Amino acid sequence: MTTSLKAALKTHFGFENFRSKLQEDVVKAVVRGDRDVFVCMPTGAGKSLCYQLPAVLAEGITLVISPLIALIQDQVDHLKSLNIPACSINSKLPAGERRLILADLGSSSPKLKLLYITPEMVASPSFQPCLTDLCTRGLLSYLAVDEAHCVSQWGHDFRPDYLKLGGLRTRLPGVPCLALTATAPKNVQKDIAQSLKLSSPQSFVTPVFRSNLHYDVIFREMLPNPYVHLHAFVKKSLALDAGSNAQGCGIVYCRTREACETVAYQLTKLGVLAKAYHAGLKAGDRTEVQHEWMQGKVLVIVATISFGMGVDKANVRFVAHWNLAKSLASYYQESGRAGRDGLPSSCRTYYSPKDKEQLNFLIRQEIGRRQEKRGSAKETDKAAITDFEAMVSFCMQEACRHATISKFFGDKTPNCAGACDYCRNPKAVRAQLEKASALSTR
Ligand code: ADP
Ligand code: MG
Ligand code: ZN
């Protein structure tokens with residue numbers, strides 16, 4: 001089977017090899033088709049192929065649920081450019097085109113291989129009969145649910161319409177389901193399995209631990225000059241002194257626009273070209289900054305967290321957090337943009353108790369506003385605080401940083417082997433904490 005799958009991969013998608021063993025294993029499991037499948041792999045790992053290749057090889061049609069029309073459009077265009085029959089039925093589709101698609105779906109042997117819909121469409125009465133009909137005729141090969149974390153209220157991107165998918169599954173008996181996501185702590189994974197009614201699914205999860213990332217925490221307020229400190233970190237991470245011409249780059253995350261501007265200015269003044277990226281810039285300027293960074297013309301982008309979604313750059317040598325991330329889950333995701341090429345990279349948080357208090361205040365204020373709007377408290381509100389506290393503990397603990405992250409995501413304790421400040425030098429971590437506590441009680 002392996003050779004024929006590889007041949008198909010080459011023929012239909014033009015790839016010589018699978019991206020990873022995991023990608024190959026998922027495809028095999030999906031093609032076998034005897035069980036539901038759960039996939040959790042990071043952004044850029046090639047999750048789409050996990051259903052696209054089986055879809056091409058299957059007799060019937062694969063139904064793909066994806067949350068955004070824009071995401072769907074990209075995928076459909078891409079598949080069409082590969083000569084793979086794919087389309088999407090959505091609210092924006094002109095009636096004529098919609099009729100053509102429905103006619104194909106109603107024919108005895110539809111040409112379509114992949115049909116993308118948003119979860120709103122799932123419940124649409126005009127579309128329901130078409131799906132049930134396909135199912136009774138045995139023409140639905142798979143149901144793929146992309147961005148599956150959207151079913152979970154614990155997730156960062158909850159979409160109520162995703163909850164309709166449980167009902168859809170009941171109406172499509174015998175169609176194996178493939179759920180895919182990039183981030184899923186244990187509680188989110190459980191929600192996904194429950195909501196999508198996955199029956200003893202086979203799970204494929206990229207281990208949380210990434211041995212090429214070096215984590216450390218520096219207490220910012222104890223530094224004589226934090227900008228000089230950051231600058232030294234940037235230079236070391238990018239090996240600028242070594243005269244290396246390996247083009248690496250980095251990201252500094254800040255909470256506010258002002259902080260972005262200041263840090264970018266200071267780094268540039270100290271001799272490393274850095275540019276700010278935040279919502280206060282004109283859209284055109286933002287795109288330009290991102291472009292210059294992607295091309296390596298600007299080495300360091302100093303950004304609010306609005307930057308990075310969907311950015312897939314391999315040679316990010318460091319991610320520094322000038323301000324505390326709002327949760328350990330988001331910290332893992334943001335810092336995880338470093339080292340996608342597998343080479344050693346650094347993830348640093350510049351911790352500050354004042355900063356922590358500010359963020360604590362902002363999070364509770366936000367929760368208060370949400371509760372006022374809906375008039376009640378919710379589990380998710382508690383989760384926001386728990387996740388924030390996990391981030392603070394990550395900074396304040398005398399423990400392996402990798403172990404803390406893995407544990408948070410319900411993974412087993414990894415073998416850090418010196419890939420964090422604590423494992424490298426626990427005494428230094430303790431000394432820093434002691435100094436900080438002495439300063440705070442003075
Ligand atoms: P994800 O959904 O996991 O974020 P995508 O499915 O969007 O990732 O894929 C990311 C990129 O990887 C795409 O450009 C895709 O074409 C590419 N890709 C996927 N599989 C392979 C492969 N086997 N070999 C090379 N590139 C691949
Ligand atoms: Mg994807
Ligand atoms: Zn460690």
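We count ligands from 1, going down the list as the structure has it; atoms in each ligand are counted the same way. None of the values given here were measured: they were computed from a predicted structure.
- For atom 22 (C) of ligand 1, the nearest protein heavy atom lies under 4.0 Å away.
- The distance from ligand 1 to the heavy atoms of Phe18 drops below 4.0 Å at these ligand atoms: 23 (N).
- Shown here is Glu59, whose CD atom has no more than 12 heavy atoms of other residues, nucleotides or ligands within 6.0 Å.
- Nearest protein neighbour of atom 20 (N) of ligand 1, counting heavy atoms only, is Gln23 NE2, 3.0 Å.
- Residue His402: no N/O/S atom is found under 2.8 Å from the Zn ion (ligand 3).
- Angle SG(Cys400) to the Zn ion (ligand 3) to SG(Cys423), rounded to 10°: 100°.
- The closest approach between any non-hydrogen atom of Arg19 and ligand 1 is below 4.0 Å.
- For the pair Gln23 (side chain) and Arg19 (backbone), a donor-acceptor distance under 3.5 Å is present.
- At the top of the distance list for atom 16 (O) of ligand 1, counting protein heavy atoms only, stands Phe15 CZ, 3.4 Å.
- For atom 14 (O) of ligand 1, no protein non-hydrogen atom is found at a distance below 4.0 Å.
- Proximity of a side-chain donor or acceptor of Arg286 to a complementary backbone N or O of Leu281 within less than 3.5 Å is detected.
- The aromatic rings of Tyr253 and Phe307 are tilted relative to each other, their planes meeting at an angle between 30° and 60°.
- A salt bridge does not link Lys197 with Asp36: none of the charged nitrogens is closer than 4.0 Å to a carboxylate oxygen.
- Contact check on Asp421 versus Arg401 returns a salt bridge, with a Lys/Arg side-chain nitrogen under 4.0 Å from an Asp/Glu carboxylate oxygen.
- With respect to atom 4 (O) of ligand 1, the closest heavy atom belonging to the protein is Gly44 N, 2.6 Å.
- The closest approach between Asn17 and ligand 1 falls below 4.0 Å for a heavy atom of the residue.
- Considering the Zn ion (ligand 3) as centre, the angle to SG of Cys420 and to SG of Cys416 is 120° (10° rounding).
- Residue Glu16 places no heavy atom under 4.0 Å from ligand 1.
- Distances below 4.0 Å separate heavy atoms of Pro42 from the following atoms of ligand 1: 3 (O).
- No more than 12 heavy atoms of other residues, nucleotides or ligands sit less than 6.0 Å from atom CZ of Arg430.
- Ion pairing between a basic and an acidic side chain is recognised when a charged N comes within 4.0 Å of a carboxylate O; Lys21 and Asp25 show such pairing.
- Heavy-atom proximity to atom 5 (P) of ligand 1, evaluated over Ser48, Ala182, Cys50, is greatest for Ser48.
- In this structure, Arg220 forms no cation-pi arrangement with Tyr351, as its terminal cationic atom is not both closer than 6.0 Å to the ring centre and no more than 45° off the ring axis.
- Under the 4.0 Å criterion applied to side-chain N and carboxylate O atoms, Lys313 and Asp341 are not assigned as salt-bridge partners.
- From the protein, the heavy atom lying nearest to atom 8 (O) of ligand 1 is Gly46 N, 3.2 Å.
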